Structures are given as C-alpha cells and as structure tokens.
Amino acid sequence: DNVTALDYFFCPNTFDCALAHGIRAVPFDWDDDGNVDMIDFEAFAAVMTGPGNCCPTTNSWIFDNDSDQDVDLGDFAAFQRGFTGP
C-alpha cells in the first residue's frame with residue numbers, strides 16, 4: 001500500500017498515550033479527571049477566539065467541537081451541554 005503519512009509507535013499504556021496526544025475520554029475534559037467543571041471552563045475561556053479566528057494554541061482544538069478551526073459560542077453551547085460540575 002502507498003500509505004506513508006502515518007506514523008506509529010509502541011505504547012505500553014494506551015490511556016496515557018491517548019492523553020499525551022490530546023484524546024480525551026470525556027469531551028471538553030481538559031484535565032481528564034472524568035468531569036467537565038470550572039477548571040475545564042478556565043482552559044476553554046483562555047482559548048476562545050470567536051467566529052472565524054483561528055485557534056490561538058495547538059491544544060485549543062480540544063474545545064473546537066464543530067471542527068471549524070475556531071473556538072466560539074457554538075463550541076461554548078456544546079461545552080455547556082457537557083458541563084457536569086465537580
């Protein structure tokens with residue numbers, strides 16, 4: 001096959017590797033503690049850019065729920081729906 005753009009590596013602990021690559025078990029759970037609370041909101045607010053403004057940091061895509069390359073009120077609405085509290 002001609003797939004050459006994919007890299008793979010051995011990972012002894014899949015959960016730790018997923019976290020290292022930004023994959024969260026709970027959407028919007030920035031600190032990956034199993035809930036979406038004010039700590040996660042603080043991280044969300046820090047990267048909120050508004051519509052049409054590209055994400056300011058490399059990890060802000062975690063909060064870009066609609067994958068439109070920005071973190072705006074549409075993403076905040078999804079964040080609110082996922083908010084669980086402590």
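Keep in mind that what you see is a predicted model, and the values were worked out from it rather than measured.
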Asks: Which residues satisfy the side-chain contact (heavy atoms from CB on, under 4.5 Å) test with P27, sequence neighbours excluded?
Replies: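 Expected list: none.
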
Asks: Show me the side-chain donor-acceptor pairs of residues 79-86 shorter than 3.5 Å, one per line, residues at least two apart or across chains.
Replies:
| unit_1 | atom_1 | unit_2 | atom_2 | d |
| --- | --- | --- | --- | --- |
| T84 | OG1 | V36 | N | 2.9 |
| T84 | OG1 | V36 | O | 3.3 |

Asks: With side chains defined as the heavy atoms from C-beta onward, is the minimum distance between D40 and N35 less than 4.5 Å?
Replies: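 Yes, their side chains come closer than 4.5 Å.
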
Asks: How close do T49 and N53 get, heavy atom to heavy atom, and via which atoms?
Replies: OG1-O, 2.8 Å

Asks: Any donor-acceptor pair under 3.5 Å linking the side chain of D29 with the backbone of D33?
Replies: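 Yes, D29 side chain to D33 backbone: donor-acceptor pair under 3.5 Å.
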
Asks: In terms of hydrophobic clustering (I, L, V, M, F, W, Y; side-chain heavy atoms under 4.5 Å; direct or indirect links), are F63 and V26 co-clustered?
Replies: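 Yes, one cluster joins them.
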
Asks: Side chains of F41 and F76, heavy atoms from C-beta outward: is any pair under 4.5 Å?
Replies: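 The answer is yes, as the side chains (C-beta and beyond) meet within the 4.5 Å cut-off.
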
Asks: Using the rule that Ile, Leu, Val, Met, Phe, Trp and Tyr join whenever any side-chain heavy atoms are under 4.5 Å apart, tell me whether F28 and M38 fall into a single cluster.
Replies: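 Yes; tracing contacts between hydrophobic side chains, which count when under 4.5 Å, links both residues.
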
Asks: State, to 0.1 Å, how close L73 and M48 come at their nearest heavy-atom pair, and which atoms those are.
Replies: CD2-CE, 3.5 Å

Asks: For the side chain of D66 and the backbone of D75, is there at least one donor-acceptor N/O pair under 3.5 Å apart?
Replies: no

